[in-house]
Peer 1: 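Let me give you the structure first, and then I'll get to my questions.
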Amino acid sequence: MNRSETHRLLDELSKSRIFEDYQKAFSDATGLPLALRPVEAWNPVHHDHPHENPFCTLMAKTSRTCAACLEVQEQIVENPGSGPRTVTCFAGLSDTAIPLRLGHELVGFLQTGQAFVGDGPNASRFNRVAQQLLQWGFKTNLDSLEESWFQSRVLKPEQYEAMVRLLTIFAQHLSIVGNQLLVQERQSEPPSIARARKFIEDHQTEHLSLGQVARAVNMSSFYFCKLFKKATGINFTDYVSRVRVERAKNLLLNPNVRITEVAYEVGFQSLTHFNRVFRKVAGESPTSYRQRLPAGRMS
């Protein structure tokens with residue numbers, strides 16, 4: 001995916017009902033902001049969010065402290081890894097970003113934070129923060145700054161860790177939704193391709209050949225192959241693989257279902273073939289994918 005495609009996908013996800021509902025529930029429960037952001041973010045991620053930390057709101061009013069916030073975001077992006085990453089700013093507030101991947105490709109982050117984890121604010125800590133701000137030439141009244149700093153959310157480490165686990169699960173769900181958006185791409189496509197997608201979806205657990213699907217939509221195999229690739233951006237075999245892998249990801253969320261059972265359920269005739277195709281599409285093995293899911297470690 002190129003940059004414009006990635007941003008368009010993130011925009012669709014951010015406007016989706018599942019994200020809006022989760023974002024509201026998360027912020028109502030924790031008092032923290034939640035943003036779906038691209039890999040490159042040139043503005044403070046939580047700026048103007050209803051739950052933005054009041055201290056961070058004041059910070060964004062000066063260029064130097066705004067730059068400090070962006071430096072934290074850059075640290076998160078520098079080495080995203082496969083799991084959550086937490087970075088603490090000069091003021092002691094932690095931000096956490098969970099990578100959102102489509103297959104092996106990093107497309108964005110779920111980011112929250114602006115909270116104290118563990119020790120909360122106290123006078124001595126604020127004195128150190130104030131000294132740093134004065135060195136940067138901060139002009140705002142320190143009394144109002146101190147008041148806003150003490151209003152920051154404080155979470156116990158185990159509370160914050162549990163919250164991050166929930167976000168990790170949600171990031172996996174968003175990845176599934178994102179992949180489904182890529183798989184569907186129903187807008188402005190020929191009706192025959194829409195029927196072909198439906199046929200593949202209905203028969204994905206069976207042996208599927210290009211000729212079989214072409215006959216189902218009354219087209220020659222040669223013409224169907226060209227039209228399908230033009231409409232979807234991928235060839236027939238890769239499309240079927242992606243449909244099956246997305247179904248497999250949903251099944252893998254259940255820790256009581258064995259991987260072998262998942263493979264046969266989604267239409268693969270051997271575990272070896274399933275593992276190879278899953279790794280090609282998702283960028284990791286089914287076992288690794290399940291192990292990264294907190295729900296998968298609850299069995």
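Keep in mind that this is a model prediction, so the values were computed, not measured.
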Peer 1: In sequence, state the C-alpha distance, the side-chain angles, and the governing distance for Val257 and Leu252, and then conclude on side chain to side chain contact (heavy atoms under 4.5 Å, CB included).
Peer 2: CA-CA 7 Å; Val257 179; Leu252 287 168; over 6 Å; no

Peer 1: If you define the side chain from C-beta out and look only at heavy atoms, does anything of Asp95 sit under 4.5 Å from Cys89?
Peer 2: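 Result no, sub-4.5 Å side-chain heavy-atom pair not found.
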
Peer 1: Holding to side-chain contact (heavy atoms from CB on, under 4.5 Å), I want the full list of residues that pass it with Ala35, two or more places apart in sequence or in another chain.
Peer 2: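 Counting only residues at least two positions away or on another chain, Ala35 forms a side-chain contact (heavy atoms from CB on, under 4.5 Å) with Val45, His46.
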
Peer 1: Could you pull out all residues at least two apart from Asn218 that satisfy side-chain contact (heavy atoms from CB on, under 4.5 Å)?
Peer 2: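 By the side-chain contact (heavy atoms from CB on, under 4.5 Å) rule, Asn218 matches no residue at all.
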
Peer 1: What distance do Ile234 atom CD1 and Ser241 atom OG have between them, rounded to the nearest 0.5 Å?
Peer 2: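 If I round to the nearest 0.5 Å, the distance is 8.5 Å.
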
Peer 1: Minimum heavy-atom separation for Ser14 and Phe19, please, with both atom names.
Peer 2: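 For Ser14 versus Phe19, the nearest heavy atoms are O-CD2, 3.4 Å.
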
Peer 1: For the backbone of Gln114 and the side chain of Asn53, can you confirm whether one donor and one acceptor N or O come within less than 3.5 Å of each other?
Peer 2: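 Judged by distance alone, yes, a pair lies under 3.5 Å.
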
Peer 1: Just checking, any donor-acceptor pair under 3.5 angstrom between side chains of Ser124 and Asn122?
Peer 2: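 Yes.
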
Peer 1: Applying salt bridge (Lys or Arg N to Asp or Glu O under 4.0 Å), name anything that partners Glu265, two or more places apart in sequence or on another chain.
Peer 2: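 Salt bridge (Lys or Arg N to Asp or Glu O under 4.0 Å) check on Glu265 returns nothing, list empty.
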
Peer 1: State which residues pass side-chain contact (heavy atoms from CB on, under 4.5 Å) with Ala171; sequence neighbours excluded, sorted by chain then number.
Peer 2: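 Partners of Ala171 under the side-chain contact (heavy atoms from CB on, under 4.5 Å) test: Ile98, Leu110.
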
Peer 1: Apply side-chain contact (heavy atoms from CB on, under 4.5 Å) to Leu134 and list each qualifying residue two or more places apart in sequence or on a separate chain.
Peer 2: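 Expected list: Leu142.
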
Peer 1: Just how far is it from atom CD1 of Ile193 to atom CG of Leu227, taken to the nearest 0.5 Å?
Peer 2: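 It is 4.0 Å, given to the nearest 0.5 Å.
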
Peer 1: Checking Gln212 against Phe199 for the side chain to side chain contact (heavy atoms under 4.5 Å, CB included) test, could you report, in this order, the C-alpha distance in whole Å, the side-chain angles of both residues, the deciding distance, and whether it holds?
Peer 2: CA-CA 10 Å; Gln212 177 188 3; Phe199 185 88; 4.0 Å; yes

Peer 1: What pairs with Tyr22 under ring-ring contact (aromatic ring centres under 6.0 Å, His included), at least two apart in sequence or on another chain?
Peer 2: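 Tyr22 satisfies ring-ring contact (aromatic ring centres under 6.0 Å, His included) with Phe170 once adjacent residues are dropped.
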
Peer 1: Taking atom CG of Asp11 and atom CG of Leu36, what is their separation to the nearest 0.5 Å?
Peer 2: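 So the CG of Asp11 and the CG of Leu36 are separated by 9.5 Å.
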
Peer 1: For the CD atom of Gln132 and the CD atom of Gln135, what is their distance to the nearest 0.5 Å?
Peer 2: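 Here the rounded value is 5.0 Å.
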
Peer 1: Assess the residue pair Met59 and Leu133 against the criterion (side chain to side chain contact (heavy atoms under 4.5 Å, CB included)); give the C-alpha distance rounded to whole Å, side-chain angles, the decisive distance to 0.1 Å, and a yes or no.
Peer 2: CA-CA 10 Å; Met59 293 300 93; Leu133 291 172; 4.0 Å; yes

Peer 1: Kindly determine whether Arg244 and Leu208 satisfy side chain to side chain contact (heavy atoms under 4.5 Å, CB included), including the steps that lead there.
Peer 2: CA-CA 11 Å; Arg244 288 172 170 164; Leu208 282 174; 4.3 Å; yes

Peer 1: What is the minimum heavy-atom distance between Pro33 and Thr112, and which atoms define it?
Peer 2: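 The pair with the smallest heavy-atom distance is O-OG1, 2.6 Å.
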
Peer 1: Using a 4.5 Å cut-off on heavy atoms from C-beta on, say whether the side chain of Asn179 contacts that of Val245.
Peer 2: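 No, too far: nothing below the 4.5 Å cut-off.
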
Peer 1: If we ignore hydrogens and angles and just use 3.5 Å, is the side chain of Trp149 paired with the main-chain N or O of Val129 as donor and acceptor?
Peer 2: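 Between the backbone of Val129 and the side chain of Trp149 there is no qualifying donor-acceptor contact (under 3.5 Å).
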
Peer 1: Contact between Leu10 and Leu100 at the side-chain level, heavy atoms closer than 4.5 Å - yes or no?
Peer 2: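 Of all side-chain heavy-atom pairs linking Leu100 with Leu10, at least one is under 4.5 Å.
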
Peer 1: May I ask you to test the Phe224-Val217 pair for a side-chain heavy-atom distance under 4.5 Å?
Peer 2: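 In contact.
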
Peer 1: Output all residues satisfying ring-ring contact (aromatic ring centres under 6.0 Å, His included) with His273, sequence neighbours left out; order by chain, then residue number.
Peer 2: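 Listed in chain order: Phe268.
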
Peer 1: What I want to find out is whether Arg17 reaches Glu20 closely enough, with some N-O distance under 4.0 Å, to be called a salt bridge.
Peer 2: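 No.
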
Peer 1: Distance-only check: which donor-acceptor pairs under 3.5 Å involve side-chain atoms of residues 23-31, not counting sequence neighbours?
Peer 2:
residue : atom : partner : partner atom : Å
Gln23   : NE2  : Leu34   : O            : 2.7
Lys24   : NZ   : Asp28   : OD2          : 2.8
Ser27   : OG   : Gln23   : O            : 3.2
Ser27   : OG   : Leu32   : O            : 2.8
Thr30   : OG1  : Phe26   : O            : 2.8
Thr30   : OG1  : Leu32   : N            : 3.1

Peer 1: Are any side-chain N or O atoms of Arg290 and backbone N or O atoms of Asn254, one a donor and one an acceptor, separated by less than 3.5 Å?
Peer 2: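 Flag set: sc Arg290 to bb Asn254 pair under 3.5 Å.
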
Peer 1: Kindly indicate whether the side chain of Cys56, heavy atoms from C-beta on, has any atom under 4.5 Å from the side chain of Leu93.
Peer 2: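 Counting from C-beta outward, Cys56 and Leu93 do come under 4.5 Å.
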
Peer 1: Rounded to the nearest 0.5 Å, how far does NZ of Lys249 lie from CD1 of Ile176?
Peer 2: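 The CD1 atom of Ile176 sits 6.5 Å away from the NZ atom of Lys249.
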
Peer 1: In residues 154-162, what donor-acceptor pairs under 3.5 Å come from side-chain atoms, sequence neighbours left out?
Peer 2:
residue : atom : partner : partner atom : Å
Gln159  : OE1  : Lys156  : N            : 2.9
Tyr160  : OH   : Thr96   : OG1          : 2.8

Peer 1: If the condition is salt bridge (Lys or Arg N to Asp or Glu O under 4.0 Å), which residues does Asp119 pass it with, not counting sequence neighbours?
Peer 2: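 Counting only residues at least two positions away or on another chain, Asp119 forms no salt bridge (Lys or Arg N to Asp or Glu O under 4.0 Å).
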
Peer 1: Under the salt bridge (charged side-chain N to carboxylate O under 4.0 Å, His left out) definition, can you give me all pairs with a residue in residues 269-287, not counting sequence neighbours?
Peer 2: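 Counting only pairs at least two positions apart or across chains, the salt bridge (charged side-chain N to carboxylate O under 4.0 Å, His left out) contacts touching residues 269-287 are Asp238-Lys280, Glu284-Arg292.
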
Peer 1: Mind listing the closest non-hydrogen atom pair of Val262 and Phe274 along with its distance?
Peer 2: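 What the structure gives for the nearest pair is CG1-CZ, 4.0 Å.
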
Peer 1: Would you name the heavy atoms of Ser152 and Phe116 that are closest together and state the gap between them?
Peer 2: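 Taking Ser152 first and Phe116 second, the nearest heavy atoms are CB-CE1, 3.4 Å.
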
Peer 1: Roughly how far, to the nearest 0.5 Å, is the CZ atom of Phe228 from the CE atom of Met219?
Peer 2: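 If I round to the nearest 0.5 Å, the distance is 11.0 Å.
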
Peer 1: Just do the salt bridge (charged side-chain N to carboxylate O under 4.0 Å, His left out) check on Lys198 and Glu201 with the steps written out, would you?
Peer 2: CA-CA 5 Å; Lys198 183 66 168 59; Glu201 181 180 346; 6.0 Å; no

Peer 1: Glu261 side chain to Arg258 main-chain N or O, any donor-acceptor pair under 3.5 Å?
Peer 2: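 Here the side-chain-to-backbone pair exists.
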
Peer 1: Ignoring hydrogens, what is the shortest heavy-atom contact between Arg247 and Gln204? Give both atom names and the distance.
Peer 2: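 Scanning both residues completely, I find the closest heavy atoms to be CB-OE1, 3.4 Å.
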
Peer 1: Might you point out which heavy atoms bring Leu58 and Ser144 nearest each other, and give the distance in Å?
Peer 2: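 Nearest pair, atom of Leu58 first, then Ser144: CD1-O, 4.0 Å.
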
Peer 1: What pairs with Tyr264 under ring-ring contact (aromatic ring centres under 6.0 Å, His included), at least two apart in sequence or on another chain?
Peer 2: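 So Tyr264 forms no ring-ring contact (aromatic ring centres under 6.0 Å, His included) with any residue.
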
